[in-house]
Structure formats: structure tokens, C-alpha cells
Amino acid sequence: MPHAVQAEQSNQSTRTSKTKASSSREHRQLHTIYNETRTRYIESNLSLSISHLLESKNHPTVTRIVSLGLGSLISADQARRIKQLTVFLAIGEQLRQREPKIMLYAQDPSFSKVDEAFLQSLGVNILSTPSATELGEAAQYINESTLVYCPFLTLEAYQLFFATGSLNYFIGDDFDALRIKWPKRSAGWNEAESLSRRFVQGLRKRVIGGGDGFWDAEDKPFPMAMYYSSQRHQDKQTRAKL
């Protein structure tokens with residue numbers, strides 16, 4: 001029997017070693033793809049467009065940036081996911097030039113252990129949620145000084161985000177484009193229209209251009225925009241909470 005126990009322990013050790021080796025290999029591959037994507041982003045017009053918008057002093061003060069809906073970086077649409085991540089990290093890098101203490105967070109129910117380890121190696125803190133139908137820990141981190149980064153987010157997830165009542169500053173899908181994504185009066189159109197009327201109208205909007213040289217057709221890119229509240233809109237939100 002001791003031999004059987006030793007054999008089982010040996011097998012477990014072998015499996016653990018193989019798992020660690022596989023994770024390490026995936027980790028290195030993700031770093032390689034990210035570095036290549038970062039170079040492409042820096043050279044793109046999209047980088048210039050976003051950088052120009054972030055230089056404005058009219059948007060709210062930011063103390064943290066939360067990414068929602070990034071998805072797994074080892075999924076079938078890996079290229080698009082890593083591009084989303086690249087833009088997220090570049091935004092954080094630029095805003096930290098003015099406020100070095102800005103913290104980065106990411107949440108997605110599909111994150112794997114490899115995803116989380118890779119994001120943490122890049123300085124991103126992981127938030128958790130039990131499912132795509134709940135905002136999870138992110139709800140505690142979204143307030144008036146949070147920039148929420150959420151391109152490609154589902155309408156259901158937008159609803160969860162907007163329902164926090166702290167809609168102050170976000171970079172995501174262009175809601176004018178979202179409304180024409182579906183046939184007029186269809187379920188998708190009605191939902192996008194409702195979200196826009198209830199939450200987005202009243203925010204200042206800046207269209208983000210220059211994506212043609214960065215996104216590829218297989219990424220299924222969608223128009224992006226920056227939304228932020230004016231002081232008047234912030235005062236209205238404050239009164240509504242009182």
C-alpha cells in the first residue's frame with residue numbers, strides 16, 4: 001500500500017507540474033500578443049483620438065478605472081479581447097500621468113485563472129461577480145470619480161451598470177449607433193432607446209474615431225464614444241440622491 005500512496009502522490013505532482021507549465025506557457029503567449037498589440041495601438045489613429053479626448057480638462061476627476069465585459073483573453077475572439085485590454089491599459093497609463101494613484105480594476109464572469117494572473121501581472125486588480133446577470137463587486141467600485149471602460153458590453157450589462165446611479169464618466173459603445181443597430185421598434189431597438197433616454201441623454205458625448213487602422217473586420221468593431229457629465233448634470237444627480 002505505501003507504494004500505491006507514493007505512486008498517487010507522484011501522479012498528482014506530475015499533473016500539478018504540467019498544469020503550471022501550461023499556465024506559464026499561456027502567460028508568456030499572452031504577453032507576446034499584448035506587446036505586439038500595444039505597438040500597433042500606439043501607431044494607430046485610434047490612439048491619437050483617445051489621447052486627445054483624455055487631455056481635455058472638462059471631464060470629471062478620476063481616481064479609478066473599471067473595465068466591464070472584457071471577456072476571457074484565451075477565448076475564440078482573443079485578438080479583439082486583447083485589443084480591448086490594450087486600450088484600457090493605455091487609458092490608465094495616460095491618466096496616471098496626472099494622477100499616479102489611479103487604480104485599475106477589471107471584472108468579467110468568464111475570467112479564467114490564467115486571465116486573472118495575466119491581468120494582475122499588468123497591475124490590474126480583479127473584481128468578481130457570480131454571473132453575467134449581476135454587477136457583483138464592481139458595484140462597490142463605481143462612483144462619481146470612476147471611469148468605466150465598457151466597449152462591446154451587452155445591453156443587459158449596461159442596464160446593471162447604469163442602475164448603480166453613478167453614471168458619470170464612461171467609454172463604451174456609441175448609443176446613437178446602438179439605436180440603429182436593430183430594426184426600428186424591434187426588442188433590441190426599444191431596449192437601446194430606453195437606456196439612452198433614461199440614462200445617457202444629458203451626458204456630454206465625444207465620438208471616438210480612428211479605429212480603422214486598429215480593429216480588423218473579424219473583431220466586429222462597433223463605434224465607440226466617451227460620455228461624461230457636466231457640472232449641471234452632476235448637481236442634478238446629487239439632488240436626486242438626497
Side-chain angles (χ1 to χ4, degrees), residues 46 49-50 53-54 56 58-60 62 65-71 77 80-81 83-84 87-88 91 106-110 129-136 138-139 141-212 214-215 217-242:
L46 178 62
S49 178
I50 292 178
L53 291 176
L54 292 176
S56 172
N58 294 324
H59 52 63
V62 173
I65 308 173
V66 174
S67 168
L68 296 178
L70 178 61
D77 52 354
R80 193 195 84 189
R81 302 295 185 183
K83 287 176 183 176
Q84 286 178 246
V87 177
F88 169 59
I91 290 172
Q107 177 178 289
D108 195 287
S110 66
T129 181
S131 72
T133 60
E134 298 180 43
L135 194 56
Y141 288 81
I142 297 175
N143 57 30
E144 288 78 5
S145 60
T146 303
L147 166 58
V148 177
Y149 174 76
C150 52
F152 300 99
L153 201 64
T154 64
L155 291 178
E156 293 77 12
Y158 270 118
Q159 172 68 50
L160 293 173
F161 160 35
F162 292 166
T164 63
S166 298
L167 180 57
N168 200 42
Y169 189 13
F170 76 96
I171 292 177
D173 299 296
D174 184 333
F175 269 76
D176 289 328
L178 272 180
R179 285 202 298 268
I180 62 175
K181 180 179 179 180
W182 293 276
K184 198 168 185 179
R185 306 302 175 188
S186 66
W189 185 92
N190 287 333
E191 189 171 2
E193 179 71 11
S194 174
L195 289 173
S196 180
R197 286 181 178 276
R198 291 166 58 200
F199 301 107
V200 180
Q201 285 186 0
L203 296 177
R204 293 186 176 182
K205 172 189 172 183
R206 297 291 183 269
V207 174
I208 297 175
D212 291 346
F214 182 67
W215 304 106
E218 56 267 28
D219 298 326
K220 298 180 181 178
F222 197 79
M224 293 172 58
M226 172 190 289
Y227 291 91
Y228 60 95
S229 63
S230 61
Q231 186 60 50
R232 180 179 177 183
H233 187 266
Q234 292 179 47
D235 293 342
K236 183 178 179 181
Q237 281 189 318
T238 300
R239 288 195 300 271
K241 292 180 179 180
L242 296 177

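Just so we're clear, the structure is a prediction, and the values are computed from it rather than from any experiment.
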Out of curiosity, [X] [atom1] to [Y] [atom2], how far, rounded to the nearest 0.5 Å?
X      : Y      : atom1 : atom2 : value
Ser194 : Gln159 : OG    : CD    : 7.0 Å
Ile208 : Asp173 : CD1   : CG    : 10.0 Å
Glu193 : Arg185 : CD    : CZ    : 7.5 Å
Ile65  : Ile91  : CD1   : CD1   : 6.5 Å
Leu155 : Leu160 : CG    : CG    : 11.5 Å
Met226 : Ser56  : CE    : OG    : 8.0 Å

Closest contact, heavy atoms only, [X] versus [Y]:
X      : Y      : answer
Gln84  : Pro151 : NE2-O, 3.5 Å
Ala192 : Trp182 : CB-CZ3, 4.0 Å
Leu54  : His59  : O-NE2, 3.1 Å
Gly69  : Arg81  : O-NH1, 3.6 Å
Trp189 : Arg179 : CD1-O, 2.6 Å
Ser196 : Phe175 : CB-CD2, 4.2 Å

Problem - Residues forming a ring-ring contact (aromatic ring centres under 6.0 Å, His included) with Tyr149, sequence neighbours excluded - result: Phe88

Exercise for the section: Compute both the distance and the angle, then confirm whether Arg80 meets the cation-pi test with Phe152: under 6.0 Å from the six-membered ring centre, within 45 degrees of the axis. Expected result: yes

Output yes when a side-chain donor or acceptor of [X] lies under 3.5 Å from a complementary backbone atom of [Y], and no otherwise.
X      : Y      : value
Gln107 : Leu135 : yes
Tyr158 : Cys150 : yes
Lys83  : Trp215 : no
Asp108 : Ser110 : yes

Exercise for the section: Decide yes or no on side chain to side chain donor-acceptor pair (under 3.5 Å) for Asn168 and Ser166, but give the supporting numbers first. Expected result: CA-CA 6 Å; Asn168 200 42; Ser166 298; over 6 Å; no

Exercise for the section: Could you check Phe199, Phe170, Tyr227, Tyr141 and say which one makes a ring pair (Phe, Tyr, Trp, His ring centres under 6.0 Å) with Phe161? Expected result: Phe170

Practice task
Please say whether more than 12 non-hydrogen atoms of neighbouring residues, nucleotides or ligands are located less than 6.0 Å from CG in Asp212.
Solution key: no

Handout entry: All side chain to side chain contact (heavy atoms under 4.5 Å, CB included) counterparts of Ala157, not counting sequence neighbours
Key = Leu153, Thr154

Handout entry: Thr133 side chain reached by Glu156 side chain, heavy atoms, under 4.5 Å
Key = no

Exercise for the section: Take Leu195 and Val200, measure what side chain to side chain contact (heavy atoms under 4.5 Å, CB included) needs, and give me the verdict at the end. Expected result: CA-CA 7 Å; Leu195 289 173; Val200 180; 5.6 Å; no

Kindly write out the residues that satisfy side chain to side chain donor-acceptor pair (under 3.5 Å) with [X], not counting sequence neighbours, or none if the list is empty.
X      : answer
Glu134 : none
Ser67  : none
Lys205 : Asp174, Asp176
Ser186 : none

